[in-house]
Amino acid sequence: MLEKTYSPADVEGRLYDKWEKSGAFAADPASNANPYVIMMPPPNVTGSLHMGHALTFTLQDILVRYNRMSGKDTLWQPGTDHAGIATQMVVERQLGEQNITRHDLGREKFIEKVWEWKEKSGGTITNQLRRLGASPDWPRERFTMDDGLSAAVRKVFVTLYKQGLIYRDKRLVNWDPKLLTAISDLEVVQKEVKGHYWHFKYPIEGKEGQFITVATTRPETMLGDTGVAVHPEDERYQNLIGQYCILPIVGRRIKIVADEYADPEKGSGAVKITPAHDFNDFEVGKRNDLEKINIMDDHARINDEAPEEYRGLDRFKARELIVAKMEELGLLEKIEDTVHMVPYGDRSNVVIEPYLTDQWFVNAEVLAKPATEAVEDGRIKFVPKNWENTYFEWMRNIQPWCISRQLWWGHRIPAWFGPDGEIFVEETEEEALATAKAHFGKDVELTQETDVLDTWFSSALWPFSTLGWPDKTPELNKYYPGDVLVTGFDIIFFWVARMIMMGMHFMDGEVPFKDVYIHALVRDEHGQKMSKSKGNVIDPLELIDEYGCDALRLTLTALAAQGRDIKLAASRVEGYRNFATKLWNAARFAEMNECKPVDGFNPANVNSTLARWIVGKTAEAAKTVASGIESYRFNDAANGAYQFVWGTFCDWYLELAKPVLMGQDEEAKAEIRAVTAWVLDQILLILHPIMPYITEELWEKSADNRATLLMSQAYPKFNDTLIDRAAEDEIDLAIRLIGNIRGVRSEMNVPPAAEVPIYLVDASDAMKAAVSAQEAQVKRLARVAAVEFKGQGDVATIAKGAIQTVVDGVTVFVSVADFIDVAAEKSRLEKEIDGKNKYIKGQEGKLSNEIFVSRAPEHIVATEKAKLEEARDTLAKLQEAHARIAAM
RNA sequence: GGGCCUAUAGCUCAGUUGGUUAGAGCGUUCGCUUGACAUGCGAGAGGUCACAAGUUCGAGUCUUGUUAGGCCCA
């Protein structure tokens, strides 16, 4: 006997172990089945499960479980990425507790420590994924620093280098002066900050007392100024173009150049140019041949290029001193308050410095071209489609991708420098030495590049590196390209774009996946982004503990409508937990009534109307849920299942089945038992991708000996011939009748316990047959003592003490005797008559409009006419009823 | 400044190609220890579909504009 409520904590761990040990998660390259492949975007190895993960992995798991049940050879490739900066920071922090820095250890020892950390703590997120019920092929789990994946990284690097698509260059990069590494544009967050515009006067060379005024938000960079730019058409400065001014404090002679970058509307219209410390100035400097002077070291302290008194100072300290000095020199014209954007590192949260260094770059423009085309011509589809714009926007303006990082943890760049700085790029040191020997004509000593690669460089290879590339493995052959990439929009640039570029370049132009499903962001119930600092983070594991994994999964699925963020409140999860309880109790009811699956049961062969009706509804529900999942309309799938289970199966079918199950007709009882068990099984199958635990548990418990796991069963797919219109008509009529009776009873305050007779006047033979067939059900559910059919002649007698309602044009007298309140019944009928009248007026207006009748499609006109007729019919009956009441 | 998105019941949201009297969950009101379930059952109230104009026989749905909010990029 099932317990009264479902207790997730007791089953989840056990079932997960059972699944995992059974091997049911595994792909089978040797099978003949068509593949279905999702490459799990590898979470950060330092990460722990947050709500965004819960959503993305729930949706992926739904797709995977559904396709696996649908007979596909399914590969869901799990793994984690090595998260260069994040992981290095974690381990450094740990060392810091013992007052050790990574420099104390040295590179090799430090990396050993990182691996130790990974072995010990790197499994956190994958274990949390198990708690979510995720079903990837765990034995195939990969890590971006694996030997195999590292070999792929080297191969890709060397290939791109030899193709001229990777190069080393001295360019401005985003430099993180705390982490001491370059970071990508995408790891920089622009923050609005209150600051100042300092207006400095630079003396014009040879013109005593003449100045040109420039405004800056970063006074300290003036130490690196090598020019002043004015707009070429700015009349104020025409005579100064080509002249020089003398940079105060430094004393350098710098040129005044004409460049359209200078905005005549802004400040004085003249702008100081620091090519080595500003991205825009870098371009201006290039156009005007200005010198690039780097005035900082990698900690963003002023270096030896600057006058002595500033050397070694932090950039912000230098700022103060320079402003003070300018003021002292009488060259500070004014200070304005302003609000401007300042770049911060998303990991370190310090101000990022545009910094001139040697770095390695990928020529992304070349790789982006085919990757853009693949989306343009539909080989890759974004769902929802509008994200394609975001993708195009970025791809068409793509910048060189800086892939080197000044870290220790990561793939060390396979480049070696000869004694003269000559670069040798090879997959191994031996090859590099050999190439160098050929180059120099003798053995030389090489030193390897100390930089490592951006983590995204290796994760971009994930769709093929995990399958064994560059080896031509059976997996690579079968599982590339994948079916869909599921991710959030914030990762389109990091992941999607780069995976497409790399995939197409190294897999003969073949795309890495056909669909990209972009899901929402999970926010708190007020629509705020969840963040630790706001304290509004909801921990998915806590929700799982409290409400069960299935409740969380169903909640996220039901809320995952396309194109809208998810606002999550615990109360929603509670509601869906109640759904799990409901399902549990339906199964419990079935168990109590001995509804057990019958071998060889064929839903097409059931006889009773009720059975035929629920079989048809089940077929419809299976279709709704399946097509929801297939079209990535997860909310439709969840709501369709919810509606069916609660609104149809529990609220109506089980209630209608009760008279049979409690009755004496053994043959009818046997059929209802069999069909109930069958429907319940279908429900478990239909719901399994969304709610894997409770369904598996009920599957196990609702029959004596299940041969296989639910998760390995075939997903239900039915023929529409199972839908029986006649059965639908009969049951729907019964439902309408019961609904109407309940409605008027409740409105007229008839005590719920009172069982009262009803009379149907002038019912058609068909209606009589249907109502008679469902009499027991109507009696039970509408609390009716007896159902009788009467003619017009009986009306006078039965009207007494009756309230009246009209169902399908037939007046139903609900004989409530003493409970009747004539005045209330009269006004109730008047209200109903009013409503009908209003509707009829509208319909008449529509149908008397000749243009509507002539232009609207025939079937629309026909249905509108039919609706009008029906309303008129009902109105007439209601008016008669009202007249009778009024006469009392 | 450029781009994208959103505005429907008190709240959170569905509403795929225009066509029933616009739906759900939560909340709320009334009533119920009805033999699976009070994590429940039954019945109700609650909407000028942001605003304006247009296209159309017909607009929550399409077009344009306005307002408000959000996100991305500069």
Side-chain angles (χ1 to χ4, degrees), chain A residues 1-6 185-186 190 279-280 341 384 386-390 392-394 397 489-490 492-493 520-521 523 525-529 547-548 551 555 558-569 571-572 574-593 595 627 631 633 635-636 638-640 642-643 646-647 650-651 654-655 658 661-662 738-739 741-753 755 780-783 835-836 838-840 842-843 846-847 849-857 859-861 863-864 866-868 870-871:
Chain A
M1 176 75 169
L2 292 172
E3 296 296 315
K4 209 164 168 183
T5 53
Y6 166 60
D185 293 350
L186 302 170
Q190 301 288 338
F279 287 99
N280 289 311
M341 298 303 256
N386 46 286
W387 288 110
E388 288 179 4
N389 290 326
T390 306
F392 288 143
E393 173 64 20
W394 194 66
N397 298 297
F489 65 84
D490 46 340
I492 291 178
F493 306 139
L521 222 64
R523 299 170 177 278
E525 57 190 309
H526 308 292
Q528 299 283 312
K529 218 168 170 166
Y547 300 107
T555 306
L559 297 181
Q562 286 183 9
R564 194 188 274 262
D565 283 345
I566 292 179
K567 290 181 196 159
L568 187 75
S571 63
R572 296 304 294 258
E574 189 182 339
Y576 287 107
R577 186 273 319 266
N578 296 352
F579 173 78
T581 309
K582 188 74 184 175
L583 172 62
W584 185 262
N585 275 286
R588 186 161 177 263
F589 174 81
E591 184 188 36
M592 292 170 75
N593 285 281
C595 303
S627 77
S631 57
R633 303 179 73 90
N635 57 321
D636 287 350
N639 291 324
Y642 184 102
Q643 269 324 323
W646 200 320
C650 292
D651 284 352
L654 290 182
E655 293 302 329
K658 280 177 184 174
L661 290 170
M662 290 161 192
I738 292 163
I741 297 169
R742 280 173 171 174
V744 293
R745 285 180 62 127
S746 168
E747 235 173 308
M748 290 296 102
N749 294 312
V750 178
E755 297 197 352
R780 183 188 162 84
L781 298 183
R783 304 226 125 225
K836 274 294 169 233
K838 238 181 244 165
Y839 176 68
I840 288 170
Q843 284 301 98
K846 190 186 264 183
L847 284 159
N849 181 353
E850 264 177 53
I851 316 175
F852 169 70
V853 178
S854 62
R855 294 207 193 163
H859 71 275
I860 296 288
V861 179
T863 53
E864 294 301 307
K867 284 187 297 190
L868 174 59
E870 205 192 314

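Side chains are part of it too, since the values below use all heavy atoms of this structure and drop only hydrogens, waters and symmetry mates. Letters go in sequence order (proteins before strands), and every chain restarts at 1.
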Looking for any heavy atom pair under 4.0 Å, which part of the strands does A/E655 touch: base, sugar-phosphate only, or nothing? base
For a quick check of understanding: with a heavy-atom distance under 4.0 Å over all strands, which category does A/P857 fall into, base, sugar-phosphate or nothing?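 Counting heavy atoms under 4.0 Å across all strands, the contact made by A/P857 includes a base.
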Under 3.5 Å, which N/O atoms of the protein pair with N/O atoms of nucleotides 6-10 of chain B?
{"from": "B/U6", "atom 1": "O3'", "to": "A/R564", "atom 2": "NH2", "distance (Å)": "3.2"}
{"from": "B/A7", "atom 1": "OP1", "to": "A/R564", "atom 2": "NH2", "distance (Å)": "2.9"}

With rounding to whole Å, what would you report as the distance between [N] and [M] at their [atom1] atoms?
N	M	atom1	value
B/U21	B/U16	C1'	23 Å
B/U48	B/G1	C1'	36 Å
B/A59	B/A53	C1'	13 Å
B/C26	B/A43	P	14 Å
B/A45	B/U28	C1'	9 Å
B/G23	B/G15	P	15 Å
B/U20	B/C49	P	16 Å

What one-letter contact string describes nucleotides 69-74 of chain B from 5' to 3', where B marks a base within less than 4.0 Å of any protein heavy atom, S marks contact via sugar-phosphate atoms alone, and - marks no contact? --S---
Can you give one letter per nucleotide of nucleotides 21-32 of chain B, 5' to 3': B if a protein heavy atom sits under 4.0 Å from the base, S if only from the sugar-phosphate, - if neither? B---------S-
Got A/L568 and A/L559 here, is their nearest side-chain heavy-atom distance under 4.5 Å?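 SC-SC contact between A/L568 and A/L559 confirmed.
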Flag the pair A/F489 / A/L521 as yes when at least one side-chain heavy-atom distance between them is below 4.5 Å, and no otherwise. yes
[X] [atom1] to [N] [atom2]: how many Å, rounded?
X	N	atom1	atom2	result
A/N585	B/A38	CG	P	7 Å
A/D651	B/U34	CG	P	17 Å
A/H859	B/U20	NE2	C1'	12 Å
A/K582	B/C41	NZ	C1'	7 Å
A/R588	B/C37	CZ	C1'	8 Å

Sequence neighbours left out, what passes side chain to side chain contact (heavy atoms under 4.5 Å, CB included) with [X]? Give chain and number order.
X	result
A/L847	A/F852, A/V861, A/E864, A/K865, A/L868
A/E755	A/R783, A/A785
A/M748	A/V750, A/I803, A/A824, A/E825, A/R828

Determine, stepwise, if the pair A/K658 / A/L781 fulfils side-chain contact (heavy atoms from CB on, under 4.5 Å). CA-CA 10 Å; A/K658 280 177 184 174; A/L781 298 183; over 6 Å; no
Within the side chain of A/N397, is there an N or O that forms a donor-acceptor pair under 3.5 Å with the backbone of A/E393? yes
Tell me every residue that passes side chain to side chain donor-acceptor pair (under 3.5 Å) with A/D636, counting only those two or more places apart in sequence or in another chain.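 Result, side chain to side chain donor-acceptor pair (under 3.5 Å) vs A/D636: A/R633.
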Check nucleotides 53-56 of chain B against the protein and report each pair of N or O atoms closer than 3.5 Å, with its distance, or say if there are none.
none

Could you write out RNA chain B as dot-bracket? Rules: Watson-Crick or G-U wobble, both distances under 3.5 Å, brackets [ ] for crossings, | for pairs with another strand, dot for unpaired. (((((((..((((.....[...)))).(((((.......))))).....(((((..]....)))))))))))).
Hey, can you pull the donor-acceptor pairs under 3.5 Å for the side chains in residues 574-584 of chain A, sequence neighbours left out?
{"from": "A/T581", "atom 1": "OG1", "to": "A/R577", "atom 2": "O", "distance (Å)": "3.2"}
{"from": "A/W584", "atom 1": "NE1", "to": "A/E3", "atom 2": "O", "distance (Å)": "2.9"}

Please report the interatomic distance OG1(A/T5) to CG(A/N585), rounded to the nearest 0.5 Å.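 Result: 8.0 Å between the selected atoms.
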Options B/A36, B/G19, B/A14, nucleotide nearest the side-chain atoms of A/N635: B/A14
Closest to the A/R577 side chain: B/C5, B/G42, B/U39?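 For A/R577, the side-chain atoms sit closest to B/U39.
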Taking ring pair (Phe, Tyr, Trp, His ring centres under 6.0 Å) as the test, write out the residues that go with A/F589, two or more places apart. none
Write out a two-atom table: protein N or O, nucleotide N or O from nucleotides 45-49 of chain B, distance below 3.5 Å.
none

For a quick check, tell me whether the side chain of A/K658 and the base of B/A36 share a donor-acceptor pair closer than 3.5 Å. yes
